[in-house]
Amino acid sequence: GAVVSQHPSWVICKSGTSVKIECRSLDFQATTMFWYRQFPKQSLMLMATSNEGSKATYEQGVEKDKFLINHASLTLSTLTVTSAHPEDSSFYICISLRGIYGYTFGSGTRLTVV
Amino acid sequence: RKEVEQDPGPFNVPEGATVAFNCTYSNSASQSFFWYRQDCRKEPKLLMSVYSSGNEDGRFTAQLNRASQYISLLIRDSKLSDSATYLCVVEDGGSNYKLTFGKGTLLTVNP
């Protein structure tokens with residue numbers, strides 16, 4: 001079946017550094033990718049929606065200059081957390097929309113900023 | 001009002017018990033509905049889609065009431081392996097297709 005490979009699975013970084021999370025669709029073209037984050041004991045919250053070749057659409061309250069999304073190809077979407085701080089520590093997950101075939105989830109990235 | 005609201009839980013039940021999860025959603029234009037399960041520190045995995053006619057998959061039965069904007073999931077003869085957080089998920093209508101997740105209800109099945 002369709003797979004979205006998300007890397008890294010977990011990352012620990014120092015405060016002030018940047019972290020890039022990749023989501024790669026392995027056997028299909030991901031024209032739309034949703035990026036979510038989940039804080040402990042909270043629901044998954046949509047951060048932004050990206051479509052291949054165009055700028056991402058960010059949800060209210062999500063800083064576009066801090067969470068950089070690139071969806072330059074049909075098989076790769078990236079989220080870069082710039083100048084990460086401890087409050088950015090969370091579980092980040094990409095979800096691809098495959099037209100009528102539904103949604104394919106990445107495996108998630110657990111980010112810890114120390 | 002929260003967009004997707006679930007029983008807060010947690011639920012602790014013995015093996016073999018029947019357990020029901022409830023969910024309400026606020027967006028009347030929502031088109032598709034799902035139950036996902038999420039194991040600790042993992043990504044959610046689709047359990048089943050939910051249809052107005054109701055649908056059953058083995059021990060799992062899902063129901064949708066569009067008029068009441070209410071979704072349910074029933075697990076019969078619960079197993080230890082059913083222990084997880086159950087997420088009610090709603091797809092927005094229109095051309096958005098984004099998914100809105102409930103906070104989840106934690107189920108622990110005890111031996």
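Here is how names work: the chains are called A, B, and so on, in the same order as the sequence lines, proteins then strands, and each is numbered from 1. A quick note: this is a predicted structure, and the numbers were derived from the prediction, not measured.
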Worksheet item: Can you check whether Thr32(A) reaches Tyr97(B) side chain to side chain, under 4.5 Å on heavy atoms?
Response: no
Item to complete: Identify whether Val89(B) and Phe60(B) are in the same connected component of the hydrophobic contact network (ILVMFWY, side-chain heavy atoms under 4.5 Å).
Response: no
Item to complete: Could you label the plane-to-plane angle of the Phe105(A) and Tyr36(B) rings as parallel, tilted or perpendicular, counting under 30° as parallel and over 60° as perpendicular?
Response: tilted
Worksheet item: Ring centroid separation for Tyr36(A) and Phe101(B), is it under 6.0 angstrom?
Response: yes
Worksheet item: Is Tyr70(B) atom OH crowded by more than 12 heavy atoms from other residues, nucleotides or ligands, each under 6.0 Å away?
Response: yes
Worksheet, complete the sentence: Whatever's closer than 4.5 Å to a heavy atom in chain A on Gln6(B) counts as neither
Fill in: Nearest-0.5 Å distance that lies between atom NZ in Lys41(A) and atom OG1 in Thr85(B)
8.5 Å
Discussion item. Same cluster or not: Trp35(B) versus Tyr103(A), using hydrophobic residues (I, L, V, M, F, W, Y) connected whenever any side-chain heavy atoms lie under 4.5 Å apart?
Written reply: no
Discussion item. Around atom NZ of Lys20(A), are there more than 12 heavy atoms from other residues, nucleotides or ligands closer than 6.0 Å?
Written reply: no
Worksheet item: With a 4.5 angstrom heavy-atom cut-off, which part of Lys42(B) approaches chain A: side chain, backbone, both or neither?
Response: backbone
Worksheet item: Is it the case that more than 12 heavy atoms not belonging to Lys64(A) sit under 6.0 Å from its NZ atom?
Response: no
Worksheet entry | Leu44(A) side, atom CG; Thr100(B) side, atom OG1 - distance, nearest 0.5 Å | 11.0 Å
Item to complete: For the residue pair Ser43(A) and Val4(B), establish whether any side-chain heavy-atom pair is separated by less than 4.5 Å.
Response: no
Fill in: Single-linkage hydrophobic cluster, 4.5 Å side-chain cutoff, Val113(A) and Met47(A) together
yes
Discussion item. Taking the side chain as everything from C-beta on, heavy atoms only, tell me whether Gln6(A) gets closer than 4.5 Å to Glu43(B).
Written reply: no
Fill in: Shortest non-hydrogen separation from Phe91(A) to Arg41(B) and the atoms involved
CE1-O, 4.4 Å
Practice prompt. Treating Ile, Leu, Val, Met, Phe, Trp and Tyr as nodes and any side-chain heavy-atom pair under 4.5 angstrom as an edge, say whether Ile75(B) and Phe11(B) lie in one connected cluster.
Written response: yes
Discussion item. Under 4.5 Å from any heavy atom of chain A, what part of Leu99(B) do you find: side chain, backbone, both or neither?
Written reply: both
Worksheet item: Any chance CE of Met48(B) has more than 12 other-residue heavy atoms, nucleotides or ligands included, within less than 6.0 Å?
Response: yes
Worksheet item: Considering only heavy atoms, which portion of Leu97(A) lies under 4.5 Å from any heavy atom of chain B: side chain, backbone, both, or neither?
Response: side chain
